[in-house]
2 protein chains.
Amino acid sequence: MEEPKRPGERRPVVMEDVAERAGVSAMTVSRVLNSPEKVRPATRARVLAAVKELDYRPNAAARVLATGRSGVLGVVSFDTTLYGPASTLYGIERAAREHDYMISIVSLGVLNRKTIGEGVDRLRSQNVDGIIIVAPHESAAEGLRDLPPDLAIVVVGAADDLPFPLASVDQYGGAVRATRHLLSLGHGTVWHLSGPADWVDAHARVEGWRAALLAEEREVPEMIMGDWSAQSGYQLGRQIIRDPEVTAIFAANDAMALGLLRALREAGRRVPEEVSVVGFDDVPEAPYFSPPLTTVRQNFGEVGFRAFRLMLDRIDAPDAEAMPHRRVVEPELVVRESTGVLR
Amino acid sequence: MEEPKRPGERRPVVMEDVAERAGVSAMTVSRVLNSPEKVRPATRARVLAAVKELDYRPNAAARVLATGRSGVLGVVSFDTTLYGPASTLYGIERAAREHDYMISIVSLGVLNRKTIGEGVDRLRSQNVDGIIIVAPHESAAEGLRDLPPDLAIVVVGAADDLPFPLASVDQYGGAVRATRHLLSLGHGTVWHLSGPADWVDAHARVEGWRAALLAEEREVPEMIMGDWSAQSGYQLGRQIIRDPEVTAIFAANDAMALGLLRALREAGRRVPEEVSVVGFDDVPEAPYFSPPLTTVRQNFGEVGFRAFRLMLDRIDAPDAEAMPHRRVVEPELVVRESTGVLR
DNA sequence: GCCCAGATTGTTAGCGTTATCAATGAGACG
DNA sequence: CGTCTCATTGATAACGCTAACAATCTGGGC
C-alpha cells in the first residue's frame, strides 16, 4: 500500500495528510499525539496506523509557534573538551533524553559578559525553554547578573551569590579533605598548585586548602598558579620542588598533578617516599599514573543530572523566581599511592 | 524612553512592534534583518534603532516555519566524554558558530541501528538542516544504511563504503607509521593492544599494523583486544609482558598505553630500554606520562571542522546526492621517550 | 513638466501546529 | 420516548515570520 509518490515531487507529510488517511480532522490527529486519553480508542488506533503508514513526523517549529514551548534546553558551556564540562554536559544530555528534552549547545572559548550574553541570545531566539550555563569563570558572574531574571536559567559551578538555581560540587570541602589527608600523614604543611585566577573552582580550592592549614595552625606557603594543563603542572612543578622543604603538594586538578609527577621523577624525588601529591577530579586514568594518584573524585555527571532537575523544577513552577535552589554534590577523597607517611 | 510595561502583562516583542515603532511595515523589518542591502540606508537605520530600543529578538520557530530552514545542525554522537568525540564535537561547534549555525546534540550510550534511528528522528523533527553523525562503531553502519538518502547527512569516522560524505582520520596510515617506527628501532616484530571489536578505528589500526608487519615480512603476533580504557591497558598489559619476547607494543590509544606503562613499571620492565610503547591520539597529557609517550597525533578538531564544511557543501548543493566526498586528515607520528633502540 | 525604469516599500497569503469554542453523538434518566 | 449531560470530534483563528507579487516613489531624460 505504498503512496504513489512521484519522485522529485515529494512533499513532506503533514498532519492534514494523516487526518485525511484516517478519516478524521487534523485536530483529532493532534489530540492523539498530545493527549491520547481524550480520543476514543478506536479512532486513536486508526490515527496511529495512519501515522505509521505515512511515516509522519510532527513539525517541531509549527508546534513551538503554536504552543510557545520547544522541548529544547540550551546549554552555554566553556571549552567542552575539558573533562569537567564534557562530563557535565553528558550528564545533562542523559537526563534530558530521559525526559524527552533536546539539548542545544553553544560552547565558548572565552567566557565573559559579552560572550555569555551572545550565547544566551542565540539560544533565546531558538525558543529554548530554559538555559543551563556552565560558567566556571568568576568574570562570568557579571555576565550573568544582567540576564533577565524571568528567563529560566540554571547555573552550574559558579559563584553562589547569583540569583539563579545552582548545581555544583563542594570544591571547598574537597580541598579541605585533600589538605587534611596530607597533614594527617605527618607533613608539616602543604603546598598548593592552583588553577588559574579567574576560575571559581580554583578559588574555592585555594580557600579550602588555606582554611585547612589555618585550622591546624600551619604555615601557609605561597600559592603557585597553573592553568589546569599538565604542561603547567610540569613547569611550575620543576620550580617548586627545588625547595627541599616541599614534601606535600596539592594540585588543583589531575592533569597538573600528572605534570608534577613527571617533574618529580625527572628530579629524582621519589613519590610518595619523599614527596606526596594529591590531585583533584579523579579522571579515569588517575589510577594508572606513576604512581597511582591520590585525588578527590567529583561526580560531574551527577552535577549535570541535578542541574537538569533544577531546570525542570524551574520550568514547572515559573512563579518561584525568587527561590534559587542549590544542589551541592560532595566530592570524595580517593587514596592511592601518590601519598604516604613522611619519614 | 522605556516602554510602559505593566509587569505581569509583558508580551514578547514581535516584528510588528518594531515595524510600528519605526513607522514601516513588518516586511521591511524582515528585510532589514535578512537582506539589508534591499532597504534604503535611512530606513534601515530607523529600523535597527527600533530593534535595539525594544530589544527585539526574531522568533526562530516562525522563521523556520516560513522558510523551511532552521540554521540548526544536528549531531548524533557516541559517548561525548571520550577524548575523540568531545574534540570532534568542539571542532564542529566552532566551525558552526563562525557560519551562524547552531548545534543540537544527541549523545548515545549505545550505538546501533535502533539508537541511531531514534537520534536521527529526534533531530529531524526539530527541523535541523542537516545531521552530522559521529559513528565510530561498525554496527552503526547498518543503522546508517537505511536512512533516507535525501537527508543532508555527513558521517565522521565511519566505514568508508557508506553513501554519505565522510570526514575522518587515516587510521590505517597512522598505524602503519607507528608500526614502522618500532620496526626501524630494531624490534623483531610489534605486538598490538587493540581497541574493541566493534570500532571502525580499532579495526583500521589493526589492519595498518598487520600490513606494516607483513610488508617487512615479520611475524604477526596474536592481537590482544582492549576497550580503550587505561584499566584494560593495565590488565592486558600485565599478561602480555610476561612473555620476555615482547619488546615493542603498539597500543591503540593513549589511555591504554598509559595503563600499559603502569603495568610495565610494576613488572620492573624498563621503558624504553627493554620495551618500547607507542600510543595513538596524542592527548594533551601524553608528553607527561612516565616516560613521555611516543604516539600518533590525530587532529580531531580539524576533522570536526571538515565535517562541517562537507555539510555546508551538501546543503548548498542539494542535487549532489550521489557525490559522497571524503575528507581524510593525516595523522602524525610524535616521537617522545617511550620508544627506543633495542639493545 | 511628463514619462519610464529601477529602487523601495507594502499587502496578502501561507508555513504546520494547537487553543478555543461550537457541534455532534451516545447514553442516562424520568 | 423525549430531554439532558458528558464524551468526542470538528471548524476557525491564531502563533510570528517570509515569499511573491503589487504598489509607490525616485530620479533622469526629453
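Only this structure's heavy atoms are used, side chains among them; waters, hydrogens and symmetry mates stay out. Values in this document were obtained by computation on a predicted structure and should not be read as measured data. Throughout, protein chains are lettered first and strands after them, A, B, ... in sequence-line order, and every chain is numbered starting at 1.
- Of the possible donor and acceptor atoms, none in the side chain of Arg94(B) sits under 3.5 Å from a partner among the backbone N and O of Ser107(A).
- We find that Arg97(A) and Glu93(A) are joined by a salt bridge, their nearest charged nitrogen and carboxylate oxygen being less than 4.0 Å apart.
- dC17(D) atom P lies 13 Å from atom CD of Gln126(A), rounded to whole Å.
- With sequence neighbours excluded, the residues satisfying side-chain hydrogen bond (donor to acceptor under 3.5 Å, both in side chains) with Thr81(B) are Asp79(B).
- Residues in residues 38-52 of chain A take part in no side chain to side chain donor-acceptor pair (under 3.5 Å) pair, two or more places apart or across chains.
- A rotation axis mapping the C1' atoms of four pairs onto the next four is fitted at both ends of the helix from dG1(C)-dC30(D) to dG30(C)-dC1(D) over five pairs, and the angle between these axes is 50° to 10 degrees.
- Using a 4.0 Å heavy-atom criterion, one finds that Val64(B) contacts no nucleic acid atom at all.
- Between Phe308(B) and Tyr101(B), the ring planes lie perpendicular to each other; the angle is over 60°, past the 30° to 60° tilted range.
- Distance check: Leu310(B) CG to Ile315(B) CD1 gives 11.0 Å after rounding to the nearest 0.5 Å.
- Under the 4.5 Å side-chain criterion, counting only non-hydrogen atoms from C-beta, Val47(A) is in contact with Val24(A).
- Here the P atom of nucleotide dC17(D) and the CG atom of Leu65(B) are 12 Å apart, to the nearest Å.
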Please write out the pairs of protein N or O atoms and N or O atoms of nucleotides 18-22 of chain D separated by less than 3.5 Å, giving the distance to one decimal.
from, atom 1, to, atom 2, distance (Å)
dT18(D), OP1, Asn34(B), ND2, 2.8
dT18(D), OP1, Arg63(B), NE, 3.1
dT18(D), OP2, Ser30(B), OG, 2.5
dT18(D), O5', Ser30(B), OG, 3.4

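- Environment of CZ in Arg309(B): sparse, with no more than 12 heavy atoms of neighbouring residues, nucleotides or ligands closer than 6.0 Å.
- The span of DNA chain C lying next to chain B, judged by atoms under 4.0 Å from heavy atoms, is bounded 5' to 3' by dT8(C) to dG16(C).
- To the nearest 0.5 Å, the span separating CG on Leu89(A) from OG on Ser87(A) amounts to 9.0 Å.
- Scanning both residues, Ala26(A) and Met15(A), for their nearest heavy atoms gives O-SD, 3.6 Å.
- Counting any heavy atom pair closer than 4.0 Å across all strands shown, Thr28(B) reaches sugar-phosphate atoms only and no base atom.
- Scanning residues 37-51 of chain B for heavy-atom distances under 4.0 Å to DNA chain C yields Val39(B), Arg40(B), Thr43(B).
- Looking at every heavy atom in both residues, Ala60(B) comes nearest to Asn127(A) through N-OD1, 3.6 Å.
- The side-chain contact (heavy atoms from CB on, under 4.5 Å) with Val76(B) is formed by just one residue from the set Leu123(B), Val155(B), Ile132(B); it is Leu123(B).
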### Task
Using the side-chain contact (heavy atoms from CB on, under 4.5 Å) rule, take Val154(A) and Ile133(A) through it: C-alpha gap first, then chi angles, then the decisive distance, then the call.
CA-CA 6 Å; Val154(A) 168; Ile133(A) 301 181; over 6 Å; no
